[in-house]
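Beneath this line is the structure, given in structure tokens, with notes to follow.
Just follow the structure's listing: the first ligand is 1, and inside any ligand the first atom is 1.
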Amino acid sequence: MSHAFSRNTIRPFRACVALALVFGAGFVMPTIFAAAAPPAPTVDLNIAKFAFAPKEITIAPGTKITWTNRDETPHTVTSNDKSFASKGLDTDDKFEHTFASEGDFSYICTVHPFMTGVVHVRKQ
Ligand SMILES: [Cu+2]
């Protein structure tokens with residue numbers, strides 16, 4: 001019965017190899033896809049202490065900016081040329097905008113118009 005014994009010991013080992021292959025593929029595959037299609041650049045900005053931080057930024061066309069309100073007070077992100085405008089953002093709410101073309105985009109918080117910021121979009 002030594003034959004049966006060796007089978008039973010090998011089966012769990014094979015199961016481990018199969019699992020390792022499945023999990024290994026799970027880690028490797030996303031890396032391959034990420035390399036094939038580079039993600040669009042993203043920038044995170046904060047709204048904190050009644051100010052946009054940083055207040056002024058230069059980015060490349062196609063960059064997505066995400067503003068997060070870190071204050072206890074509602075704010076908005078509203079461009080002066082109306083090309084983008086958030087709703088009222090409560091604490092930890094986010095607003096995203098992707099800047100496709102070059103230009104200078106100044107914006108304010110409509111609740112507190114003394115809060116100003118500007119995004120310069122330039123080919124780099
Ligand atoms: Cu505000």
Audit row: Phe50, His75, ring pair (Phe, Tyr, Trp, His ring centres under 6.0 Å) steps and yes/no = CA-CA 8 Å; Phe50 291 83; His75 297 295; 5.2 Å; yes

Could you walk me through whether Phe52 and Val77 pass the side chain to side chain contact (heavy atoms under 4.5 Å, CB included) check?
-> CA-CA 9 Å; Phe52 298 107; Val77 178; 4.0 Å; yes

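Phe84 and Ile108 sit in two unconnected hydrophobic clusters of ILVMFWY residues. Membership requires side-chain heavy atoms under 4.5 Å apart, directly or through other members.
Panel note: side chain Asn46, backbone Ala53; no donor-acceptor pair is recorded below 3.5 Å.
Salt bridge annotation for Lys94-Asp44: absent, with no cationic side-chain nitrogen under 4.0 angstrom from a carboxylate oxygen. With respect to the salt-bridge test (charged N to carboxylate O, under 4.0 angstrom), the residues Lys64 and Glu96 qualify.
Here the Cu ion (ligand 1) has protein N, O or S atoms under 2.8 Å from it, and they come to 3.
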